[in-house]
*Asks:* 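Sending over a structure as structure tokens; questions will come in a sec.
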There are 2 protein chains.
Amino acid sequence: MTRPTIHDVARAAGVSLSTVDRVLNDREGVRQATHIRVTQAMRDLGYERNIAAANLARRRQYRLCFILPGGPNSFMRGLEEELRARADAWEFTTLERRIVPPFDDAALVHALRGVDPAATDGVAVVATDSAMVRAAMAELRDRGVAVVTLVSDLPSSRRQHFVGIDNVQAGRTAASLLGRFCRGRPGRIVLVAGSMLVRDHAERRLGFEQVLRAEFPDQSILPPLEGLDDQDIVAAHLGRTLADHPDIVGIYSLGAGTRGVARALSRPAAPRPAVVVHELTPHSRKALLDGSFDAVIHQDPVREVQATVLVLRSLIDGAAIDPEAARIGIEVFLRDNLP
Amino acid sequence: MTRPTIHDVARAAGVSLSTVDRVLNDREGVRQATHIRVTQAMRDLGYERNIAAANLARRRQYRLCFILPGGPNSFMRGLEEELRARADAWEFTTLERRIVPPFDDAALVHALRGVDPAATDGVAVVATDSAMVRAAMAELRDRGVAVVTLVSDLPSSRRQHFVGIDNVQAGRTAASLLGRFCRGRPGRIVLVAGSMLVRDHAERRLGFEQVLRAEFPDQSILPPLEGLDDQDIVAAHLGRTLADHPDIVGIYSLGAGTRGVARALSRPAAPRPAVVVHELTPHSRKALLDGSFDAVIHQDPVREVQATVLVLRSLIDGAAIDPEAARIGIEVFLRDNLP
DNA sequence: GTGAAAGCGCTAACAA
DNA sequence: TTGTTAGCGCTTTCAC
């Protein structure tokens, strides 16, 4: 009636607990014949290992460290908040977090070097792209620490996995929405980026242009504005651009600084341009509700933390990574499907 | 260094393990003064209870039973598959599933009556709306079984929770998309439902009409087609309707039978109507990719199972339900953000 | 009211 | 190559 345990398996196979344990964990020192007997007994009884009990006995602790950029970026603050809130909610896992100055390679390298391999099993890092960073990551790997990138990837590094959305796809999705929202209104579309030096922004732009060019030939794209994720700069640049080009029918904001977009739009133009932005924050949510934005493309920080923990634990255990559990979807929010 | 355990708390408070346990679990038989001493010690040490160990010692088993409608409905089959696949992946939890004939109150009641309260702690049921079903659910509750509805709710019953999307919002979202996709093309929109007798379909229609009427006055809505979630019926009805009304610019399919929509559209009209359907299946996915559908509104069966298990366990433990963990979001898929 | 001791299912020395 | 034994952190008799 109750689930069989290693005791039952041991009895059925006529061996001791330790032998069952050896078979279970693929440890050596078991004769072929015994191995088969035990395996057979497991199969017969439908034995299913209790992982919680195993971890308890092992006193397993996955010691993970998240390295995130600081600054006003709402999305990063959301990630940080989630880490803080759920720090104690994971079984057998401790979550440490380090905040480093944003867009600062040297600081990131410093943080990576500051990770103690003796007290850390895995690291998740929002990477900035540089050779120094790559080297520091490689160093950690050499010292036996599992390393994954988070949100922004660094493909040619020795990171073992990337947890985050596909940014080219995100850009394509944005174009697909914005193009349809503007259909019947030929005109220009303006892109607001943080900086084209950041990998994810560059990828989003790429995807956006692919789809817009191919499928919405009535719309043309202005050269991207670089707002450095700063709402004041964004508001100023975008305001000027809107004034200069009365034929702007759409805006795609692919970085942070979304509040600046909302401000630039506060002076009503008729008809107001269609707007698609990234990341659901209190501000983008408000803009969606009051009708000044049309869609928000989002990645869920809660899921991102969850997937990262899962991936790191698998990596540490040398287990296979469940691709479904590790995938971060690109979410689309309109006014009516807001969470 | 290592996390404090009840041993540490006991030592610090100068009491035994049992007393700490009594305080921890709010059992009676502890003097006020002792209680305070123990609580203080926990606070001082930053004690955090190890739930896995507790469940192990308790030999806790959450025995859950899912009751789902059979038939060709892709979404239900997805749920069933997920249940099968992850039946053994939950700690301390056994998942049983029963498939009943669809849209059959009597069969559902029979299944509910067939649940053994002595061997089942919680039930999740895709409800159909009837007094008999309500009564059977109440009976289960009286026998101490936790009951939640899944996907399709039964609000005035004694179910303790509903796990699924807000269907009014889903309809609003569909209208919001379809309206914008058709903008600049005044005309008619046709609704394809399974049956208006099913609660979720009725709710989706309601939400759709709310938004379309208020925000897209250029589009008018034809009376809904009832396709009984059967692709042949849907294909026939919709084909005829499209032929009769050359001014149809949009289609919203709010039930199953999506394949029928694709078939009806296979004879090309120019420009083809904008199409929004429900549930991501291999067929709707294909239609999205080949450009015959514009958007799919989806609820994730994986998440649905997960949330249901979490909710039922909380209910059984008498614990609070985390609203975030229990929420099922309305997902929007376009060609480019397909998972 | 409180405590001692056995045990949940599994692992990890250490013997044999 | 195999078995014995003492835990992991918590719960649960049963005694005091």
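Just so it is clear: chains get the letters A, B, ... in the order the sequence lines come, proteins before strands, and each one is counted from 1.
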*Asks:* Need one value for B:L24: base, sugar-phosphate or nothing, where a base atom within 4.0 Å counts as base even if backbone is also close, heavy atoms only.
*Replies:* sugar-phosphate

*Asks:* Is the phosphate of D:dT2 approached by A:T34 (side-chain N or O, under 4.0 Å from OP1 or OP2)?
*Replies:* yes

*Asks:* Between A:R141 and A:E139, is there a side-chain N and carboxylate O pair less than 4.0 Å apart?
*Replies:* no

*Asks:* Checking B:T149 against B:D153: is there a side-chain donor and acceptor pair closer than 3.5 Å?
*Replies:* yes

*Asks:* What about B:S18: does its side chain form a donor-acceptor pair under 3.5 Å with the base of D:dT11?
*Replies:* no

*Asks:* Check every strand shown and say whether B:V15 touches a base, only sugar-phosphate, or nothing at a heavy-atom separation below 4.0 Å.
*Replies:* sugar-phosphate

*Asks:* Kindly indicate whether the side chain of B:F75, heavy atoms from C-beta on, has any atom under 4.5 Å from the side chain of B:E304.
*Replies:* yes

*Asks:* Run the salt-bridge test on A:E96 and A:R98 with the 4.0 Å N-O cut-off and return the result as yes or no.
*Replies:* yes

*Asks:* B:I51 has an atom CD1; how far is it from atom P of D:dT11, in whole Å?
*Replies:* 10 Å

*Asks:* Quick one: which of D:dC10, C:dC10, C:dA12 gets closest to the side chain of A:N50?
*Replies:* C:dC10

*Asks:* Check the phosphate of C:dT2 against B:R31, side-chain N and O only, distance under 4.0 Å to OP1 or OP2. Yes or no?
*Replies:* yes

*Asks:* Kindly say if B:R49 contacts the phosphate of D:dT11, meaning a side-chain N or O under 4.0 Å from OP1 or OP2.
*Replies:* yes

*Asks:* Would you say a side-chain N or O of B:R3 is under 4.0 Å from OP1 or OP2 of D:dG9?
*Replies:* no

*Asks:* Taking the nucleotide of DNA chain C with the closest heavy atom to each, which residue, B:A57 or B:G29, is nearer the 5' end?
*Replies:* B:G29

*Asks:* I would like to know whether A:Q299 and A:E279 meet side chain to side chain donor-acceptor pair (under 3.5 Å); could you show each step before the answer?
*Replies:* CA-CA 7 Å; A:Q299 51 187 327; A:E279 310 312 353; 3.3 Å; yes

*Asks:* Could you tell me whether the phosphate oxygens of D:dG3, OP1 or OP2, come under 4.0 Å of any side-chain nitrogen or oxygen in A:S16?
*Replies:* yes

*Asks:* Could you point out which residue of A:R313, A:R143, A:R63 forms a salt bridge (charged side-chain N to carboxylate O under 4.0 Å, His left out) with A:D121?
*Replies:* A:R63

*Asks:* Could a donor-acceptor pair under 3.5 angstrom be found where the side chain of B:R27 meets the base of C:dG1?
*Replies:* no

*Asks:* Rounded to whole angstrom units, what separation is found between the CD1 atom of A:I36 and the P atom of D:dT2?
*Replies:* 12 Å

*Asks:* Without decimals, in angstroms, what is the distance between A:L17 CG and D:dG3 P?
*Replies:* 10 Å

*Asks:* Return the value, rounded to whole Å, for the distance between atom CG of B:N55 and atom C1' of D:dT12.
*Replies:* 15 Å

*Asks:* As a test of reading the structure: which of C:dT2, D:dT11, C:dT11 is closest to the side chain of B:T19, going by heavy atoms?
*Replies:* C:dT2

*Asks:* B:D116 side chain to B:A118 main-chain N or O, any donor-acceptor pair under 3.5 Å?
*Replies:* yes

*Asks:* For A:T5, answer base if it contacts any base atom (sugar-phosphate contacts may also be present), sugar-phosphate if it contacts only those atoms, and nothing otherwise; contact means non-hydrogen atoms under 4.0 Å.
*Replies:* sugar-phosphate

*Asks:* To the nearest Å, how far apart are A:H7 NE2 and D:dG3 C1'?
*Replies:* 13 Å

*Asks:* OP1 or OP2 of D:dT11 versus the side-chain N and O atoms of B:R58: is any pair under 4.0 Å?
*Replies:* yes

*Asks:* Considering only C:dT11, D:dG9, D:dG3, which nucleotide approaches the side chain of A:L56 most closely?
*Replies:* D:dG9

*Asks:* B:A54 has a side chain; which of D:dC10, D:dG3, C:dT2 sits nearest to it?
*Replies:* D:dC10

*Asks:* Without decimals, in angstroms, what is the distance between B:H35 NE2 and C:dT2 C1'?
*Replies:* 14 Å

*Asks:* Would you say A:N25 reaches C:dT11's phosphate, i.e. side-chain N/O to OP1/OP2 under 4.0 Å?
*Replies:* yes

*Asks:* Provide, to the nearest angstrom, the distance between the CZ atom belonging to B:R59 and the C1' atom belonging to C:dG7.
*Replies:* 8 Å

*Asks:* Looking only at side-chain N and O atoms, does A:R60 come under 4.0 Å of OP1 or OP2 in D:dC8?
*Replies:* no

*Asks:* Give one of base, sugar-phosphate or nothing for A:Y47, where a contact means two heavy atoms less than 4.0 Å apart.
*Replies:* sugar-phosphate

*Asks:* Using whole Å, report how far CZ of B:R11 lies from C1' of D:dG9.
*Replies:* 13 Å

